J.: 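One structure, pasted below without further comment.
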Amino acid sequence: MKALILVGGFGTRLRPLTLSVPKPLVDFANKPMILHQIEALKAIGVTEVVLAINYQPKIMQNFLKEFEKKLDIKITCSQETEPLGTAGPLALARDILRDDSGEPFFVLNSDVICDYPLKEMIEFHKSHGGEASIMVTKVDEPSKYGVVVMEEATGRVDKFVEKPKVFVGNKINAGIYLLNPSVLDRIQLRPTSIEKEVFPSIAAEKKLHAMILPGFWMDIGQPRDYITGLRLYLDSLRKISSPDLAVGHHILGNVLIDESAVIGDGCLIGPDVAIGPGCVIESGVRLSRCSIMRGVRVKNHACISSSIVGWHSTVGRWARVENMSILGEDVHVGDEVYSNGGVVLPHKEIKFSILEPQIIM
């Protein structure tokens, strides 16, 4: 089996982190976002993953070489010279995706984090005999999304309604698809939307079915959703009693700490915290609802909440970083400095407090 991951564009919503690496390589729960997906695909027998990319291809390719060996899976790049939307990349990779086996292939949006019930999706796809399967998830506020209207009993998709003004359903596209190779014949090599052009035409022929995603789901392509996604992901580890979760008198709730990180005395860490490789958390530090990426040093008695601290940054003594502050790579926050929603570009030193949410260039 093969799979295509839509890596896409510039990751502007996750800046300043994406100024250092392409969005799929931004760490989430201590490993690159895209690695969660590749590992899930490998686990159910996918042998080749195609990455549809149009931004920083060299960095992506170097990363891939490393993980091809580690995971023993073939990873190839399909590079767009112009943005091709969500369907055009399938046409570009048509020759790679199509082979003599006639097997369906997976397509995933690279921002999506969930439990990836891919084995169940294969069974669902075989059971209905249609041309395409999409995964849908239930949301509380469907008016913000494109809603999938479907028959509950069979899963057959009737139509799509974009940001409905009146209630038509609460299920939205979760960004995971399983498609027969014949779908490739429907797509021209031009900028095309799979959601607005390809799927509606398959649904009109009654050949599109939707499977309701069990468990959690989040599109982590922007900071607030990234932090929410981290909470949901760590909670899913708790439900399966994962040995990866940290334990100890200084741990509150669900916390992930890389084994190479050093934690000082008198810290209180959690809930919903990820601490990456090579981090040093000094004495008396308070961390909650935050991601601390590789090589960060948090000095004595600093407090970080609801924020993301980028690679190799430093947070000074008694400093406070909160309210969706995002520190890019190699940012150094001085002692006793307060950041209230500061978004700081890479390689900066912050000596004064940021009292209102703002971008620090």
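For clarity, every value in this text was computed on a predicted model and none was experimentally measured. The first residue of the sequence shown is numbered 1, and numbering continues consecutively from there.
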J.: Does Val280 share a hydrophobic cluster with Val285, counting links as ILVMFWY side-chain heavy atoms below 4.5 Å and allowing steps through other members?
T.: no
J.: Determine the minimum heavy-atom distance between Ser193 and Ala87, stating which atoms define it.
T.: C-CB, 3.9 Å
J.: Dump the intermediate steps for side-chain contact (heavy atoms from CB on, under 4.5 Å) on Val255 and Ile257, then the final yes or no.
T.: CA-CA 7 Å; Val255 173; Ile257 301 176; 3.6 Å; yes
J.: Dump the intermediate steps for side-chain contact (heavy atoms from CB on, under 4.5 Å) on Ile281 and Val262, then the final yes or no.
T.: CA-CA 6 Å; Ile281 311 298; Val262 178; over 6 Å; no
J.: Honestly curious: do Ile220 and Ile172 fall in one hydrophobic cluster under the side-chain, below-4.5 Å linking rule?
T.: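 Yes, Ile220 and Ile172 fall within the same hydrophobic cluster.
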J.: Nearest 0.5 Å please: distance from the CG atom of Asn254 over to the CZ atom of Arg238.
T.: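 So the gap between those two atoms works out to 4.5 Å.
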J.: Considering non-hydrogen atoms only, spot the tightest contact between Val107 and Leu6 and give its length.
T.: CG1-CD1, 3.9 Å
J.: Determine whether the side chains of Arg289 and Ser306 contain a donor N or O and an acceptor N or O closer than 3.5 Å.
T.: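 Checked: Arg289/Ser306 side chains pair up, N/O donor to acceptor below 3.5 Å.
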J.: Working note: Glu205 + Arg186, criterion salt bridge (charged side-chain N to carboxylate O under 4.0 Å, His left out); need CA distance, chi angles, decisive distance, verdict.
T.: CA-CA 13 Å; Glu205 295 173 26; Arg186 296 174 177 267; 2.8 Å; yes
J.: Supply the atom-to-atom distance Glu336 CD to Trp318 CH2, rounded to the nearest 0.5 angstrom.
T.: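 CH2 of Trp318 is found 9.0 Å from CD of Glu336.
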J.: Kindly give the heavy-atom pair with the smallest separation between Pro16 and Ile326, and that separation in Å.
T.: CD-CG2, 3.6 Å
J.: Quiz question: by atom type and distance under 3.5 Å, do the side chains of His332 and Thr314 form a donor-acceptor pair?
T.: yes
J.: Does Asn300 offer a backbone N or O that forms a donor-acceptor pair with the side chain of Ser283 under 3.5 Å?
T.: no
J.: Have a look at Glu151 and tell me which of Lys206, Lys159, Arg156, Lys171 forms a salt bridge (Lys or Arg N to Asp or Glu O under 4.0 Å) with it.
T.: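 When Lys206, Lys159, Arg156, Lys171 are each tested with Glu151, the salt bridge (Lys or Arg N to Asp or Glu O under 4.0 Å) holds only for Arg156.
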J.: If every non-hydrogen atom of Phe216 is compared with every non-hydrogen atom of Ile113, which pair is closest and at what distance?
T.: CE1-O, 3.8 Å
J.: Taking C-beta and beyond as the side chain, do Val26 and Pro32 meet within less than 4.5 Å on heavy atoms?
T.: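 Counting from C-beta outward, Val26 and Pro32 never come under 4.5 Å.
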J.: Have Asp258 and Asn30 got a donor and an acceptor in their side chains that come within less than 3.5 Å?
T.: no
J.: I'd like to know if the side chain of Asp330 pairs up with that of His347 as donor and acceptor (distance under 3.5 Å, no hydrogens or angles considered).
T.: yes
J.: Determine whether the side chains of His250 and Asp265 contain a donor N or O and an acceptor N or O closer than 3.5 Å.
T.: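 No, because no side-chain N or O of His250 sits under 3.5 Å from a partner of the opposite role on Asp265.
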J.: So, Glu39 and Lys31, do they make that salt bridge, N to O below 4.0 Å?
T.: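 Salt bridge between Glu39 and Lys31, a charged N being under 4.0 Å from a carboxylate O: yes.
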J.: Taking the side chain as every heavy atom from C-beta outward, state whether Ile134 and Ile176 have any atom pair closer than 4.5 Å.
T.: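 A side-chain contact is absent here, since even the closest heavy-atom pair is not under 4.5 Å.
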J.: Within the structure provided, determine whether Phe106 and Leu41 are in side-chain contact (heavy-atom separation under 4.5 Å).
T.: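 Yes, side chains in contact.
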J.: side-chain contact (heavy atoms from CB on, under 4.5 Å), that's the test. Do Leu19 and Leu345 meet it? Break it down for me.
T.: CA-CA 8 Å; Leu19 295 173; Leu345 272 64; 3.9 Å; yes
J.: So do Asn109 and Asp219 actually touch side chain to side chain, heavy atoms under 4.5 Å?
T.: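 Result no, sub-4.5 Å side-chain heavy-atom pair not found.
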J.: Mark yes or no for whether Ser236, through its side chain, and Gly215, through its backbone, hold a donor-acceptor pair below 3.5 Å.
T.: no
J.: Are Met293 and Ile34 co-members of a hydrophobic cluster defined by side-chain heavy atoms under 4.5 Å apart?
T.: yes
J.: Does the side chain of Leu213 come within less than 4.5 Å of Val136's, by heavy atoms?
T.: no
J.: In this structure, would Ile360 and Val309 fall into the same cluster of hydrophobic residues linked by side-chain contacts under 4.5 Å?
T.: yes
J.: Can you name the closest pair of heavy atoms from Lys42 and Leu71 and give their distance?
T.: CE-O, 3.0 Å
J.: Taking Ser182 as the fixed residue, which of Glu131, Arg98, Lys207 is the one that meets the side chain to side chain donor-acceptor pair (under 3.5 Å) rule?
T.: Glu131
J.: Could you tell me whether the side chains of Trp311 and Asp27 share a donor-acceptor contact shorter than 3.5 Å?
T.: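 Short answer, yes.
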J.: Out of the candidates Ile263, Ile269, Leu268, only one should pair with Ile251 under the side-chain contact (heavy atoms from CB on, under 4.5 Å) rule; please name it.
T.: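 Checked Ile263, Ile269, Leu268 against Ile251; only one passes side-chain contact (heavy atoms from CB on, under 4.5 Å): Ile269.
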J.: So does Gly342 get a backbone contact from the side chain of Ser325, meaning a donor-acceptor N/O pair under 3.5 Å?
T.: yes
J.: Taking a hydrophobic cluster as the set of Ile, Leu, Val, Met, Phe, Trp and Tyr residues connected by side-chain heavy atoms closer than 4.5 Å, whether directly or through intermediates, do Val112 and Val49 fall within one such cluster?
T.: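 Same cluster.
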J.: Can you confirm whether Arg190 is buried at CZ, in the sense that more than 12 heavy atoms of other residues, nucleotides or ligands lie under 6.0 Å from that atom?
T.: yes
J.: With a 3.5 Å distance limit and no angle check, can you tell me whether Asp335 reaches the backbone of Arg317 through a side-chain donor-acceptor pair?
T.: yes
J.: Which word best sums up how the rings of Phe160 and Phe199 line up, parallel for under 30°, tilted for 30 to 60°, or perpendicular for over 60°?
T.: parallel
J.: Above 12 or not: heavy atoms from other molecules or residues under 6.0 Å from CD of Glu356?
T.: no
J.: Quick one: does Ser288's side chain have a donor or acceptor within less than 3.5 Å of a partner on Ser305's backbone?
T.: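 No; judged by distance alone, with no hydrogens or angles, the pair does not exist.
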J.: How far does CG of Leu234 sit from CG of Leu230, to the nearest 0.5 angstrom?
T.: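 Leu234 atom CG to Leu230 atom CG measures 4.5 Å (nearest 0.5 Å).
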J.: Counting only heavy atoms not in Leu189, do more than 12 sit closer than 6.0 Å to its CG atom?
T.: yes
J.: side-chain contact (heavy atoms from CB on, under 4.5 Å), that's the test. Do Asn180 and His125 meet it? Break it down for me.
T.: CA-CA 9 Å; Asn180 286 355; His125 186 73; 2.7 Å; yes
J.: Can you measure from OG (Ser20) to CG (Leu25) and round to the nearest 0.5 angstrom?
T.: 11.0 Å
J.: Is it the case that the side chain of Arg94 and the backbone of Leu184 share a donor-acceptor pair, with hydrogens and angles ignored and the cut-off at 3.5 Å?
T.: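 Answer holds: yes.
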J.: Take Asp235 and Lys239, measure what salt bridge (charged side-chain N to carboxylate O under 4.0 Å, His left out) needs, and give me the verdict at the end.
T.: CA-CA 6 Å; Asp235 192 46; Lys239 283 174 182 163; 3.5 Å; yes
J.: Starting at CG of Leu287, measure out to CD1 of Ile275 and round the result to the nearest 0.5 Å.
T.: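 These two atoms lie 5.0 Å from each other.
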J.: May I ask you to test the Arg297-Lys299 pair for a side-chain heavy-atom distance under 4.5 Å?
T.: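 Arg297 vs Lys299: side chains touch.
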J.: Hey, does Val331 have a side-chain heavy atom less than 4.5 Å from the side chain of Val315?
T.: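 Heavy-atom side-chain distance check fails, nothing below 4.5 Å.
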J.: So which atom in Ile227 and which in Met324 form the shortest heavy-atom distance, rounded to 0.1 Å?
T.: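 Minimum heavy-atom contact is CG1-CE, 3.9 Å.
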J.: Tell me, do Leu97 and Leu179 make a side-chain contact under 4.5 Å, heavy atoms counted?
T.: no
J.: Between atom CD of Glu322 and atom SG of Cys303, what is the distance when rounded to the nearest 0.5 Å?
T.: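 One finds 6.5 Å between CD of Glu322 and SG of Cys303.
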J.: Could you tell me whether the side chain of Ser78 and the main chain of Leu51 form a donor-acceptor pair under 3.5 Å?
T.: no
J.: Are His36 and Tyr116 near enough that their ring centres are under 6.0 Å apart?
T.: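 No - the distance between ring centres of His36 and Tyr116 does not fall below the 6.0 Å cut-off.
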J.: Can you see whether Ser133 engages Tyr177 through a side-chain donor-acceptor pair at a distance of less than 3.5 angstrom?
T.: no
